[in-house]
Amino acid sequence: MTFPIESVRAQFPSLSLTDTLNGKEKRRIYLDNPAGTQVTSRVIEAVSDCFLNANANLGGYFPTSIAAEKVVDDCHLAMADFMGTDDPGEIIIGATMTTLTMHMSRSICRDFKPGDEIIVTRMDHEGNVAAWLEIAQDLDLVIKWADFDKASWKIEPEHIKSLITDKTKLLALNYASNLTGAINDVKSIIAEAHKSDVLVYVDAVQLAPHHQIDVKDLGCDFLICSSYKFFGPHIGVLWGKRSILEKMHAYKCRCVPETLATKYETGTPAIELLAGLTAAIDYYAWLGGELGQTGSRRAQMTTAFNAAIEYEETLTSQLIKGLQEIDGVEIFGPTAQNQMKARVPTVSIRHNKVKPDPLAKALSEENIFVWSGHNYAIGVVESLGIPMDEGILRIGIAHYNTAEEVEAILGSIEGIVSNV
């Protein structure tokens, strides 16, 4: 079935907006998606409806509080479907991925002993590095660094195996790079780590908008993502194994019960944003329904993701091929056609004459939105010898983008660099 791009785009009201630049109306081209996607009408409506009908704290006997409780419960159920678990108690929702990781690192590492080891990677976003560096300093733990392979662009399981000792307690790694787009074989890495009883904390922020997550199949211990990367509001979501979460100490108020996931969700939740998150999950189900799937919400999401992957791979191939034809462009990440399934549609480049910031600014004058800089992937930037103060130009595709938009950025880049 043909991907219903026009129906998809109609779900996102911001895609139709224009801006007046140099006296001309120009449509917006959103290729800044790795840092945050646009939201659907249903997300906007759900947030607004929550403020109107469920604007209360939790635990009361009156209608708005009861409605707020339902919003929270529904969101945990929706994210359980999204993550691939039948246990909503395993879903912990917080402010951001980074905030949740900082918070949970205290509980995860509380019983670690001085000299115990944590493995972090040079492929990760700083959000899945800094928390472990901080707790290691607090508890006198040892940090070991895993490098990514410059040929495959991935963390190789054998390399992880070589770093593990009887002191290793935790491995923190990403599912996909927010700079190179490369996808790690996390299932194999997790299996290797578990041979030595090493806990594995997976950052799936960059993968979640593009590939369906199945925590039970992966076998990881923790997995975290950010809903604003997959068409939802600004919330971080963590999945953890119940058997681990129940045993861990939670840093919480004394009156908060020990039940999951309440004991880890500090303070009053952003209830309106949880309503928006459920709506974001239901958007994926809607897309699966448009593609003919009539089963469960999870089944509908599976259909949606499978179709979106195929559509995004076509656009990514178009983008990479076009960039390779522009003189002076270097691409950082997998580029071969047979590697498209081993990457997400995040493509980072540098030009040998135009630095990333001026290039991003010039593209913004064409109303094409992209990011420049290190994008918090400082380990990748350092490993590749890229100047930290310059970084890269990052182009990120989502399944609401079009072939015409890809052609537009290719034409703009070629025009900008050819005038230097």
Side-chain angles (χ1 to χ4, degrees), residues 1-16 29-31 33-34 36-46 74-75 77-86 175-176 181 183 204-218 223 225-233 237 239 275-319 337 340-346 396-407:
M1 183 177 180
T2 303
F3 190 74
I5 184 59
E6 293 304 323
S7 295
V8 165
R9 287 180 65 84
Q11 303 300 305
F12 295 85
S14 61
L15 300 186
S16 63
I29 297 179
Y30 297 91
L31 292 168
N33 299 300
T37 51
Q38 301 304 299
V39 302
T40 66
S41 297
R42 70 185 67 222
V43 170
I44 298 168
E45 291 163 2
D74 286 350
C75 187
L77 286 167
M79 279 308 304
D81 283 347
F82 187 83
M83 295 287 206
T85 177
D86 57 3
Y175 212 140
I183 299 174
V205 169
Q206 287 299 312
L207 186 95
H210 309 291
H211 290 243
Q212 189 169 49
I213 293 167
D214 190 336
V215 291
K216 298 301 185 184
D217 180 65
L218 286 177
L223 184 142
C225 58
S226 299
S227 79
Y228 68 99
K229 310 291 177 124
F230 53 86
F231 319 117
V237 185
W239 169 86
L277 176 51
T278 300
I281 303 305
D282 286 339
Y283 159 72
Y284 279 100
W286 166 85
L287 179 54
E290 288 290 293
L291 293 161
Q293 176 59 250
T294 58
S296 66
R297 178 161 59 185
R298 176 75 179 180
Q300 289 179 316
M301 285 191 286
T302 300
T303 298
F305 273 109
N306 289 341
I309 288 170
E310 184 177 349
Y311 178 76
E312 289 177 346
E313 285 177 359
T314 300
L315 295 185
T316 308
S317 296
Q318 176 192 357
L319 175 62
Q337 289 303 299
M340 291 303 103
K341 294 188 182 302
R343 61 143 48 247
V344 294
T346 297
I397 292 169
H399 68 247
Y400 52 51
N401 290 121
T402 66
E404 291 76 18
E405 290 177 328
V406 173
E407 281 304 309

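- The aromatic rings of Y400 and F12 stand perpendicular to each other, their planes meeting at an angle above 60°, with 30° marking the opposite boundary.
- Here the OG-CD1 distance, from S14 to I44, works out to 7.0 Å after rounding to the nearest 0.5 Å.
- No side-chain heavy atom of Q300 sits under 4.5 Å from any side-chain heavy atom of T294.
- The OG atom of S317 lies 4.0 Å from the CD atom of Q337; values are rounded to the nearest 0.5 Å.
- Under the 4.5 Å side-chain criterion, counting only non-hydrogen atoms from C-beta, T37 is not in contact with Y228.
- Atom-to-atom distance recorded for L223:CG and M83:CE is 5.0 Å, nearest 0.5 angstrom.
- Partner of F230 under the side chain to side chain contact (heavy atoms under 4.5 Å, CB included) criterion, out of N33, L277, L207: L277 alone.
- When all heavy atoms of Q206 and V344 are compared, the closest pair comes out as O-CG1, 3.9 Å.
- The side-chain heavy atoms of R9 and T402, taken from C-beta on, include a pair separated by under 4.5 Å.
- For the atom pair D282 CG and D74 CG, the distance stands at 9.0 Å (nearest 0.5 Å).
- You'll find the side chain of M79 stays beyond 4.5 Å of the side chain of T278, heavy atoms only.
- Between K216 and D86 there is no salt bridge, since none of the side-chain N atoms of the basic residue sits less than 4.0 Å from a carboxylate O of the acidic one.
- Each of F82, W239, F305 was compared with I213 under the side chain to side chain contact (heavy atoms under 4.5 Å, CB included) criterion, and only F82 meets it.
- Considering all non-hydrogen atoms of both residues, A398 and E312 come closest at C-OE2, 3.6 Å.
- Side chains of T302 and N306 form a contact here, defined as non-hydrogen atoms less than 4.5 Å apart.
- Of all heavy-atom pairs spanning T346 and P34, the tightest one is OG1-CG, 3.5 Å.
- One finds the CD atom of Q318 at 4.5 Å from the CD atom of E407 (value rounded to the nearest 0.5 Å).
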query: How far apart are the C-alpha atoms of Y283 and V43, what are their side-chain angles, what is the distance that settles it, and do they pass the side-chain contact (heavy atoms from CB on, under 4.5 Å) test?
result: CA-CA 9 Å; Y283 159 72; V43 170; 6.0 Å; no

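- Expressed to the nearest 0.5 Å, how far CG of L315 lies from CE of M340 amounts to 12.0 Å.
- Minimum heavy-atom separation, T303 to G288: CG2-O, 4.1 Å.
- For P233 against G276, the heavy-atom pair with the smallest separation is CD-C, 3.7 Å.
- Taking the side chain as every heavy atom from C-beta outward, N401 and V406 never approach each other to under 4.5 Å.
- Inter-residue side-chain proximity for I281 and R297 is flagged as met; some heavy-atom pair is nearer than 4.5 Å.
- Checked for salt-bridge contact, E310 and K341 miss the test: no charged N lies under 4.0 Å from a carboxylate O.
- Aromatic ring orientation, H399 versus F3: perpendicular (interplanar angle above 60°, classes split at 30° and 60°).
- Here the side chain of S296 pairs a donor or acceptor atom with the backbone of A299 at under 3.5 angstrom.
- In this structure the side chain of S41 never reaches within 4.5 angstrom of the side chain of Q11, judged on heavy atoms.
- Using a cutoff of 4.0 Å between basic side-chain nitrogens and carboxylate oxygens, D81 and R298 are not scored as salt-bridged.
- Considering all non-hydrogen atoms of both residues, P13 and S16 come closest at O-OG, 2.9 Å.
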